[in-house]
Amino acid sequence: MNVAIRYAAGSDIGCNRENNEDSGYAGLFLLAVADGMGGYAGGEVASSTVINALARFDAPVPETELQGTLARAVSEVNGALGQAIAAHPELNRMGTTLTAMLWNGTSRFALAHIGDSRAYLLRDGVLFQITSDHTLAQLLADGGDAGENSHLSHMLFKVLDGGPDREPDLATRDAQVGDRYLLCSDGLSGPVGPQEIFDILSEEKELPRAVSRLIAAARDHGGPDNITCVVLDVVEPEPLPENQRPTIVGAVAGA
């Protein structure tokens, strides 16, 4: 079944940070959020490098090649990050999360995820988190050994940092007309709970308004980190809006 997607994206520095280390991308076939880390400037470079390198994959590919193409894309952007670190050794501690979706005009899409940015699905009045955080607390909680308040809750065990064997979680999923998806950095999912995310995604039909309300909610809860989100709707195939262009937000937009 053929479908189309419509999207909006936004990014905000938050209330406590001096710079924005998040980057986001939304196009007709590729959508992604990256949350950089590595100290002042390093996080900006990491997320910008990855999103810039990933952008060339914003193109249709055969359904049978979706997951393989996205896996290759993540490998290539991790390599680009390694090259950037080699050229600037002072940034050797930088890295980034990445949550990305690759579409091809049908109801199938590939999902890649590494780190603690997230993807959510709102379907038939129910909100699902469709990625699992790569934090030590989540790893231990999955084994029943750590609670929600563990001091390990924000420690990542898997990110893109230019090193070898940085393999993301990969999946191919089915979408339905009427689905709404959210990709976001933990600057949103940290301070804003799933019920509030559900309420905003359910109530606000206009995509740009949904993005602005989600960002405002994170700021209302203190905005402790940079806030980046991409919201997309799955719709019946229809003519493309005139001058439809990809949207880039956050650090990559100013790179």
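Everything quoted here is computed from the prediction, not taken from an experiment.
Checking Ser23 against Ser47 by side-chain atom types alone, a donor-acceptor pair falls below 3.5 Å. No hydrogens or angles considered: nothing links the side chains of Ser11 and Asp22 as a donor-acceptor pair under 3.5 Å.
Taking 4.5 Å as the limit, every side-chain heavy atom of Tyr25 sits out of range of all side-chain heavy atoms of Val252. Side chains of Asp169 and Lys158 form a contact here, defined as non-hydrogen atoms less than 4.5 Å apart. Counting only heavy atoms from C-beta outward, the side chains of Leu98 and Leu54 approach each other to under 4.5 Å. For the pair Val230 and Met101, the minimum side-chain heavy-atom distance is 4.5 Å or more. A 4.5 Å side-chain heavy-atom check between Lys205 and Asp233 finds every atom pair outside the cut-off.
Summarising the geometry of Val177 relative to Met1, their closest heavy-atom pair is CG2-CE, 4.4 Å, with the distance given to 0.1 Å. In terms of heavy atoms, Ser185 sits closest to Val33 at N-CG1, 3.7 Å.
For the pair His134 (side chain) and Val159 (backbone), a donor-acceptor distance under 3.5 Å is absent. The backbone N or O of Gln176 lies less than 3.5 Å from a partner atom in the side chain of Asp179, making a donor-acceptor pair. Remark: the backbone N or O of Gly163 is paired with a side-chain donor or acceptor of Asn78 at under 3.5 angstrom.
Atoms CZ and CD, on Arg209 and Glu203 in that order, are 10.5 Å from each other to the nearest 0.5 Å. To the nearest 0.5 Å, atom CD1 of residue Ile13 and atom CZ of residue Arg219 are 9.0 Å apart. Taken from OG1 in Thr172 to CG in Leu111, the straight-line distance is 9.0 Å, to the nearest 0.5 Å. In this structure, OG on Ser189 lies 11.0 Å from CG on Leu214, to the nearest 0.5 angstrom. Atom-to-atom distance recorded for Glu63:CD and Ser107:OG is 7.0 Å, nearest 0.5 angstrom. Of the inter-residue distances, the one linking Leu30 atom CG with Ile5 atom CD1 reads 9.0 Å to the nearest 0.5 angstrom.
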> Hey, mind stepping through Leu70 and Leu66 against side chain to side chain contact (heavy atoms under 4.5 Å, CB included) and telling me if it holds?
Replying inline: CA-CA 6 Å; Leu70 192 54; Leu66 280 169; over 6 Å; no
>> Go through it in stages, so that I can follow the logic: the residues are Arg166 and Leu81, the test is side chain to side chain contact (heavy atoms under 4.5 Å, CB included), and I'd like the CA-CA distance, side-chain angles, deciding distance and then a yes or no.
In response: CA-CA 11 Å; Arg166 300 301 190 257; Leu81 198 58; over 6 Å; no
>> Before you tell me yes or no, could you show the steps for Gln83 and Thr49 under side chain to side chain contact (heavy atoms under 4.5 Å, CB included), namely the whole-Å CA-CA distance, both residues' side-chain angles and the distance that decides it to 0.1 Å?
In response: CA-CA 10 Å; Gln83 291 173 2; Thr49 298; over 6 Å; no
>> Arg17 vs Asp225, test: salt bridge (Lys or Arg N to Asp or Glu O under 4.0 Å). Steps then yes/no.
In response: CA-CA 6 Å; Arg17 297 299 179 112; Asp225 201 351; 3.5 Å; yes
> Do Asp174 and Arg108 pass the side chain to side chain contact (heavy atoms under 4.5 Å, CB included) test, and can you show the C-alpha distance, the side-chain angles, and the key distance before you say yes or no?
Replying inline: CA-CA 5 Å; Asp174 291 311; Arg108 298 280 285 173; 2.6 Å; yes
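A side-chain hydrogen bond (donor to acceptor under 3.5 Å, both in side chains) with Arg118 holds for exactly one of Asp186, Thr131, Asp133, Thr99; it is Asp133.
Heavy atoms of other residues, nucleotides or ligands lying less than 6.0 angstrom from CD of Gln129 number more than 12.
For the ring-ring contact (aromatic ring centres under 6.0 Å, His included) test, residues two or more places apart in sequence or in another chain that qualify with Phe109 are Trp103, Tyr181.
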